[in-house]
Number of protein chains: 2
Amino acid sequence: MKRKITLKHIARELDVSISTVSKALKNSPEISKDTREKVQAFARLYNYKPNNIAISLKNKRTRNIGVIIPDIVHHFFTTVFRGIEHYANDRGYNVIVCVSDESFDKEVVNMELLANGSIDGFIMALSAETQQKQDFNHLKELGEQGIPLVLFDRVTSEVACDKVIIDDQAAAQMATQRLIDSGKKRIALFTTESFLNVSAKREAGYRRALEKSGLGVDDNLIIRLPHQFEEETLSAAFFESQEFDAVLCVNEIFAIRAMRIAQELQRDIPGEISFIGFTDGLLSKYANPGLTAIAQHGEEMGRVAAELLIDRVEEEDDLEQELPPYRTCIIPVSLIERESTQLAPSKN
Amino acid sequence: MKRKITLKHIARELDVSISTVSKALKNSPEISKDTREKVQAFARLYNYKPNNIAISLKNKRTRNIGVIIPDIVHHFFTTVFRGIEHYANDRGYNVIVCVSDESFDKEVVNMELLANGSIDGFIMALSAETQQKQDFNHLKELGEQGIPLVLFDRVTSEVACDKVIIDDQAAAQMATQRLIDSGKKRIALFTTESFLNVSAKREAGYRRALEKSGLGVDDNLIIRLPHQFEEETLSAAFFESQEFDAVLCVNEIFAIRAMRIAQELQRDIPGEISFIGFTDGLLSKYANPGLTAIAQHGEEMGRVAAELLIDRVEEEDDLEQELPPYRTCIIPVSLIERESTQLAPSKN
DNA sequence: GGAGATCACGAAAACGTTTTCGTGTTAATA
DNA sequence: TATTAACACGAAAACGTTTTCGTGATCTCC
């Protein structure tokens with residue numbers, strides 16, 4: 001087992017000083033051509049690679065970024081993650097992931113662990129519990145410590161930092177409007193408890209579209225399902241007690257389950273009932289019939305988030321160059337039409 | 001912006017030495033009760049947290065583990081990842097993820113980057129390209145450098161290390177046998193190019209079941225689809241040119257697509273054709289009809305992989321305690337029955 | 001009251017780099 | 001030939017810890 005070789009070994013072997021080796025490897029003009037070549041040849045021969053940890057300690061920069069997400073087995077988050085990872089890698093950064101499991105405590109613990117030198121900045125989406133508690137002290141502290149933070153998707157106006165979101169309200173309004181345009185009159189909304197920021201905004205957009213079009217909102221058509229979805233919660237009963245001709249769902253699972261119940265009740269899709277779901281994931285694509293979905297372009301979101309973060313991390317190196325103000329990027333959504341709807345062509 | 005406080009700051013402030021502070025914080029009996037309490041109070045007040053990087057440099061242990069997977073937007077891999085992450089966190093480790101995108105080069109580059117001090121060991125599944133090239137030098141080098149490695153799912157016998165797999169052959173054989181037991185006589189196999197280790201093994205299991213039961217293998221019933229699945233590849237033509245009454249698919253997507261074609265051709269599922277797919281993911285669960293699937297228990301796989309790795313990492317600390325031999329853990333699969341089959345009760 | 005033990009603490013090396021600031025040698029210049 | 005400049009390199013500090021070892025001061029015991 002050949003141990004890793006260090007500058008010190010090379011120096012001793014070649015009978016020069018550590019500083020000379022270090023400079024020679026960086027091609028410093030301070031070192032003679034002869035010595036440089038000798039050192040570089042030796043280094044290559046023994047496959048010398050500098051120790052990342054030592055460099056991090058010296059530079060106070062790790063080239064690691066911390067990503068904290070509520071769940072990893074979740075199509076949207078993994079999509080964002082892929083965007084982050086690709087962009088970060090291209091700029092020479094590695095990604096450390098922690099999963100909060102929607103728990104406030106795990107979020108705090110994980111962040112504190114990483115904040116002590118392991119990373120140069122954070123990218124995260126708030127856990128459900130954090131949004132419920134509205135406790136953001138751990139995030140505010142980052143600011144005081146000078147650790148950059150980018151929030152995506154699940155954000156809060158309580159903390160000042162860069163953000164990347166979609167315009168949930170506009171997206172929901174657009175989708176609802178498209179259903180209205182296609183002739184639907186009674187549109188239901190399947191959503192979650194409203195402490196989730198995104199759900200609240202989507203509901204607002206849904207309401208707005210109905211009001212603007214003069215159809216008005218019937219609160220009986222809005223049903224709120226628990227965040228941790230249980231199969232029985234969404235039952236056929238609702239389909240039989242209420243009349244509606246379209247459904248907007250704040251996520252894929254709700255939509256898929258709802259479609260299945262409709263099929264069991266022999267309702268025609270999209271004729272009798274149309275369905276649109278948020279988040280264009282695997283389920284939407286492979287459902288039968290295919291589910292019309294609002295694509296959030298997670299990969300693009302991740303790319304932008306990583307770019308904002310790394311830019312800020314690297315700007316901080318230039319001491320006292322004043323930092324740009326915090327930005328909020330809005331990633332445009334798009335509506336992917338499939339068989340669960342029969343929409344008129346878009347006006348745009 | 002209050003900068004992070006260090007041992008040196010505390011020492012200066014309290015007019016003691018750095019060593020005293022360090023020991024006091026660790027409750028060393030060498031330090032008087034008075035001094036300990038004074039130091040600890042001060043540290044708490046200023047929220048002192050030791051710098052991870054400095055500790056890593058000192059201990060030559062980072063408490064990070066590197067995970068390299070071919071794709072993150074992939075249900076099975078994220079499931080494994082969740083198992084790794086949870087277990088690692090419980091033991092005080094963080095996880096750095098890199099995605100190889102099924103590319104040999106990215107796999108090598110990412111590993112080299114992390115191997116220079118950033119991590120204590122690797123957990124990985126081979127990229128498709130690596131399996132195709134059969135080039136494992138980057139993995140063998142890890143061994144020489146004394147960096148522990150655990151391979152899962154996509155493994156190779158070429159490198160000596162701990163491994164976690166499912167018994168793909170036995171699983172495929174079991175599933176095929178169950179189809180036979182339920183009265184099916186002509187069972188098709190939808191698989192990928194065979195350079196993927198797992199596909200090859202699953203095919204072997206399929207063949208074995210058919211041969212043992214005396215049905216024999218009809219090579220016309222085996223179709224090989226490209227790994228990067230294109231919609232058109234799997235067409236109705238096959239359904240019309242061949243007669244078969246069941247299909248075993250090496251992944252979910254193939255199965256879902258196949259079911260859909262069968263439905264379009266008005267074939268009754270499971271009456272006329274039954275379907276079983278490998279990997280029990282979201283699609284299997286939410287398909288209509290639900291897809292009977294072979295569950296690989298990714299989370300358990302991840303847990304075991306992380307345990308093997310961390311055990312080995314920590315054993316290496318005890319110098320010259322001889323290391324245990326490499327182990328291969330086989331995670332049992334289970335068959336999740338849904339509506340795409342009508343199986344007789346299992347014999348076990 | 002002196003020998004040895006115990007106590008409480010500090011100095012310094014070490015981990016592997018980078019970087020600043022010498023310094024001795026050689027070459028160019030007046 | 002004396003002065004300076006350029007050159008090529010080394011010593012040492014620094015990043016923030018941990019840990020070994022040394023050392024004064026106090027205490028115990030005969």
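Only heavy atoms go into these numbers, but all of them, side chains included; no hydrogens, no water, no symmetry mates. Each chain gets a letter, A, B and so on, in the order its sequence line appears, and its residues count up from 1.
One can find a donor-acceptor pair under 3.5 Å joining the base of D:dG10 and the side-chain atoms of A:Lys23.
Residue order along DNA chain C, read from the 5' end via each residue's closest nucleotide, puts B:Thr20 first among A:Ile18 and B:Thr20.
Atom-to-atom, CG of A:Asn116 to P of D:dG16 comes out at 13 Å; the value is rounded to the nearest Å. Here the P atom of nucleotide D:dT17 and the NZ atom of B:Lys26 are 10 Å apart, to the nearest Å. Atom-to-atom, NZ of B:Lys60 to P of D:dT19 comes out at 15 Å; the value is rounded to the nearest Å. For B:Leu7 and D:dA14, the CG to C1' distance is 15 Å, given to the nearest whole Å. If you measure from atom CG of B:Asp15 to atom P of C:dC9, you get 12 Å, rounded to the nearest angstrom.
Taking every side-chain heavy atom of B:Ser19 into account, C:dA11 is the closest of D:dG10, C:dA11, C:dT17. Minimum atom distance to the side chain of A:Ser17 is reached by D:dA11, of the listed D:dT18, D:dA11, D:dC15. In the set C:dT17, C:dC9, D:dC15, the nucleotide with an atom closest to the side chain of B:Lys8 is D:dC15.
Listed by residue number, the members of residues 29-38 of chain A with any heavy atom below 4.0 angstrom from DNA chain D are A:Glu30, A:Ile31, A:Ser32, A:Thr35.
Checking the phosphate oxygens (OP1, OP2) of C:dT17, no side-chain nitrogen or oxygen of A:Ser22 falls inside 4.0 Å. Contact annotation: B:Tyr48 side-chain N/O to D:dG16 OP1/OP2 distance is not under 4.0 Å.
A centroid separation of less than 6.0 Å is found between the aromatic rings of B:Tyr46 and B:Phe42. Note: A:His9 and A:Tyr48 fail the aromatic proximity criterion, with ring centroids not under 6.0 Å apart.
Across all strands shown, B:Ile55 has heavy atoms under 4.0 Å from sugar-phosphate atoms exclusively, and none from any base. In this structure, B:Lys58 reaches the bases: a heavy-atom distance under 4.0 Å links it to at least one base atom across the strands shown.
The aromatic rings of B:His74 and B:Phe76 lie perpendicular to each other, with more than 60° between the two planes, well past the 30° mark.
Across the helix from C:dG1-D:dC30 to C:dA30-D:dT1, the helix axis at one end is tilted relative to the axis at the other end by 60° (nearest 10 degrees, each axis from five pairs).
Using a 4.0 Å cut-off between charged side-chain N and carboxylate O, B:Arg327 and B:Asp311 make no salt bridge. Salt bridge status for B:Arg154 with B:Glu102: present, with a side-chain N to carboxylate O gap under 4.0 Å. The existence of a salt bridge linking B:Lys106 and B:Glu129 is excluded, since no basic side-chain nitrogen approaches an acidic carboxylate oxygen closer than 4.0 Å. Classification of A:Glu300 and A:Arg303 as a salt-bridged pair holds, one side-chain N sitting under 4.0 Å from a carboxylate O. Remark: A:Glu307 does not engage A:Arg312 in a salt bridge, criterion side-chain N to carboxylate O under 4.0 Å. A salt bridge links A:Lys33 and A:Glu37; the closest N-O separation between the charged side-chain nitrogens and carboxylate oxygens is under 4.0 Å.
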